[in-house]
Amino acid sequence: MALLTPLFAFLYHLPQVYKWLLKPYYVASLFMSVAFLAIRKTPGICDHLASQREDGNSCDFDWLNVFLFLSVTVEQHVGNIFLFSKVANVILFFRLDIRMGLLYMTLCLVFLMTCKPPLYMGPEYIKYFSDKTIDDELNKDSRVTWIVEFFANWSPECQSFASVYADLSLKYNCAGLKFGKVDIGRYGEVSRKVSASPLSKQLPSVVLFQGGKEVMRRPQVDKKGRAVSWSFTEENIIREFNLNELYQKSKKFSRNKVEKTSPSQFPPVPEEEEPEQPGAGAQVEESKKDK
């Protein structure tokens, strides 16, 4: 009975709820909330819009990008809650007393400078480069293919992608296909290689190197220097970088490397001479005397 009473009350007031929702304010708010979806899907309008998709289709978009923009991961939700709470505290402290507002803002700055966000600490086969080691490693062996992620610790997208990138390194790492990472927030000079600053929206950037030269990257950069929208999922990385084919080729390189190095690991075994049987020389001399 305790559950039926609220249900009957809701059904009784349902016509009033409809009248309330049909007011101009809520109707206009609904249309404004779905304006982006409506414009991107309306023929005749979407044809004339700019597109950041790789296929150039301006009447379509990736739903995953919308969810990523809304921060669907738990870590990003928590981070956004903390961020908005800090901003609200700054405004409230300034309204209360400007001195308390300045003090709280100073504490926030100290917090940002001293407390770093938690990093991925799971298993991985990844080599971390610095500005002095990356060029030497990429040019060390032209037969080795490198997949390098350029990241910044402060970026929520880089933090979310860390576990995905680590799983890929565990699955595909071998002698001919290796994975690396560079923190361009720490090594700013390396950012020239990817043409992205530590504060750029192009992070993370995943670049494929063969023979020390860049072959492809994701996300791509348009003519205006802006990053083309792209989703950093495991499926997209495998498909776009063709990791399965690269892994098969790299395994052949690994086998050839093992075959070449294995014979030289053990010195050749000298052949043992058969010992002479006693009395064999005497028999030969007797046969010569008989002749």
Checklist entry - According to a 4.5 Å side-chain heavy-atom criterion applied to Ile, Leu, Val, Met, Phe, Trp and Tyr, with indirect links allowed, do Met216 and Ile147 form part of one hydrophobic cluster? => result yes

Next on the checklist: Could you check whether Glu245 pairs with Lys249 (Lys NZ or Arg NE/NH1/NH2 to Asp/Glu carboxylate O, under 4.0 Å)?
Outcome noted: yes

Checklist entry - Should the pair Glu124-Lys181 be classified as a salt bridge under the 4.0 Å nitrogen-to-oxygen rule? => result no

Checklist entry - Side chains of Thr233 and Asn236: is there a donor and an acceptor less than 3.5 Å apart? => result yes

Next on the checklist: Holding to ring-ring contact (aromatic ring centres under 6.0 Å, His included), I want the full list of residues that pass it with Tyr187, two or more places apart in sequence or in another chain.
Outcome noted: none

Next on the checklist: Is there a salt bridge (charged side-chain N to carboxylate O under 4.0 Å, His left out) between Lys132 and Glu137? Walk through the geometry before answering.
Outcome noted: CA-CA 10 Å; Lys132 298 179 181 179; Glu137 288 292 337; over 6 Å; no

Checklist entry - What are the two closest non-hydrogen atoms of Pro204 and Pro219, and how far apart are they? => result O-CD, 3.4 Å

Short question: side chain of [X], backbone of [Y] - any donor-acceptor pair under 3.5 Å?
| X | Y | result |
| --- | --- | --- |
| Ser169 | Tyr125 | yes |
| Ser250 | Leu246 | yes |
| Glu214 | Val207 | no |

Checklist entry - More than 12 heavy atoms of other residues, nucleotides or ligands under 6.0 Å from OH of Tyr128: is that the case? => result yes

Next on the checklist: Heavy-atom count check: over 12 atoms from other residues, nucleotides or ligands less than 6.0 Å from Leu109 CG?
Outcome noted: yes

Checklist outcome for this item: Output for pair (Phe93 CZ, Lys86 NZ), nearest 0.5 Å, gives 13.5 Å

Checklist entry - With under 30° as parallel and over 60° as perpendicular, where do the rings of Tyr165 and Phe161 fit, or are they tilted in between? => result tilted

